[in-house]
Protein chains: 2
Amino acid sequence: MSPRIDEQNQQIRDARKQQLLEAGAKVFGERGYAGTKVSDIVREAQLSHGLIYHYFASKEDIYIELARTAFTTSYETIRQVVENGGSPYERLKELTEGIFAHTAGSGYFFLIALQTNTSKTVPEEAAAISKEYSGQNLQLLEQLFREGQKQGEFIHADPFKQALMYSSMLNGVIFTRLTYSELEDFPQVDQILRIFTHAREEE
Amino acid sequence: MSPRIDEQNQQIRDARKQQLLEAGAKVFGERGYAGTKVSDIVREAQLSHGLIYHYFASKEDIYIELARTAFTTSYETIRQVVENGGSPYERLKELTEGIFAHTAGSGYFFLIALQTNTSKTVPEEAAAISKEYSGQNLQLLEQLFREGQKQGEFIHADPFKQALMYSSMLNGVIFTRLTYSELEDFPQVDQILRIFTHAREEE
DNA sequence: GTCTATAAAAGGATAGAC
DNA sequence: GTCTATCCTTTTATAGAC
């Protein structure tokens, strides 16, 4: 086989796989792992039913790959912002706005991460990945709150609980916004962050 | 058939149905509608597989009944507190504490309500019930925020968005707490409500 | 590489005995 | 009223032709 053809085939393979992953992200995000049928994915991807098994070993495998992408990206995003310059409050604000901006369009990866974290019906390997990264994310946030408290920007409270409160709130709000996507100026980031800062009248 | 026997049978029937509903609440709450098998429910209820169909027409039917219970109870709870005496802030605080207390134990009905609201895979009838009640709940909250703003307790912002923010946050936090149930003093209700009130240094 | 047809497995629902 | 065994539909996965 000529390398010319080889390369072309590889491109096709990559394109198809990508197509299936994107379709999978959408339907898994919308319907959950158990609620998604293989036929849902291939319909969304506009490919034949059998073809999916040339690219993935099983329905589980697609989900695991998507979950891995979701967690590695979110971890990298958080790490970058948290390890950035700026005061703790500035970094927290930048992180929050970044996450909202990032999930404004589709939010499918957010939904996959969330359900992988919380559902008891996702593939075991995905749950393992989730557990690992969620802990790391919380640690990054905890550290940020600890710094902010030391510098006097944030109110004093168990930094771990503050990190937990922050991510809970974020989950709830993003989730809501996905169903009320027509709303403008929702949520107000400054308003949310008031939970963690000292009293100051709204400017 | 003697009325004596009739009555006894009725009691058995009621007990079994209750048993199945409780088991259903647990597994549907934990695993979602699509992720739950009829066999999961009967195993949890410790009854035989076939028996469930003497009490419910289908898996869908059990879920619908549970969803209805979840929504009617939550609506009644909110309505009672909101229409109570006390200042808007006091009522909001009472409501929040009540919901946390109520979901501290199991939270299965909370989870069922949440997924009925958001999942695309629940039975159609359940989704319809959800839509109806969610709107009503939001209206009650919106009214509470409107009053609180008029009386000067709450910051000024679109009352509908504030209601949405409140319920989003509550969802996120309750959800988190269900996985971190060993945490004491989480969440701090006063801290959450700071989002909606005017600045005042934490007491 | 892609498709259609088919096998294999899982899960919801029913039948009939006790 | 309750159980076990069975049916039947849905869904995952594979085979084989193009």
What's the closest nucleotide to the B:Asn9 side chain, out of D:dG1, D:dT12, C:dT2? D:dG1
Do A:Ser119 side-chain atoms and A:Thr116 backbone N/O form a donor-acceptor pair below 3.5 Å? no
Do side-chain atoms of A:Asn137 reach the backbone of A:Ser134 as a donor and acceptor pair under 3.5 angstrom? no
When you compare the side chain of A:Gln143 with that of A:Gln139, does any pair of heavy atoms fall below 4.5 Å? no
Within the pair A:Tyr53 and D:dT14, is there a side-chain N or O less than 4.0 Å away from OP1 or OP2? no
Length of the CG-P vector between A:Asp61 and D:dA13, whole Å: 9 Å
To the nearest Å, give me how far apart CD1 (B:Ile62) and P (C:dG11) are. 16 Å
Choosing from C:dT2, D:dT2, C:dG12, which nucleotide comes nearest the side chain of A:His54? C:dT2
Taken to the nearest whole Å, OH/B:Tyr63 to P/C:dG11 is 19 Å
Ignoring hydrogens and angles, tell me if any N or O in the side chain of B:Gln162 forms a donor-acceptor pair with the backbone of B:Phe145 under 3.5 Å. no
Mind checking if A:Ile12 touches a base, just sugar-phosphate, or nothing, with heavy atoms under 4.0 Å? sugar-phosphate
Per A:Tyr55 side chain, nearest of listed nucleotides D:dA13, C:dG1, C:dG16: C:dG1
Given 3.5 Å as the limit, does a donor-acceptor pair link the side chain of A:Lys26 with the main chain of A:Ser106, or not? no
Give the residues of residues 39-50 of chain B touching DNA chain C, defined as any heavy atom closer than 4.0 Å, sorted by residue number. B:His49, B:Gly50
Which residues in residues 13-34 of chain B have at least one heavy atom lying under 4.0 Å from any atom of DNA chain C? none
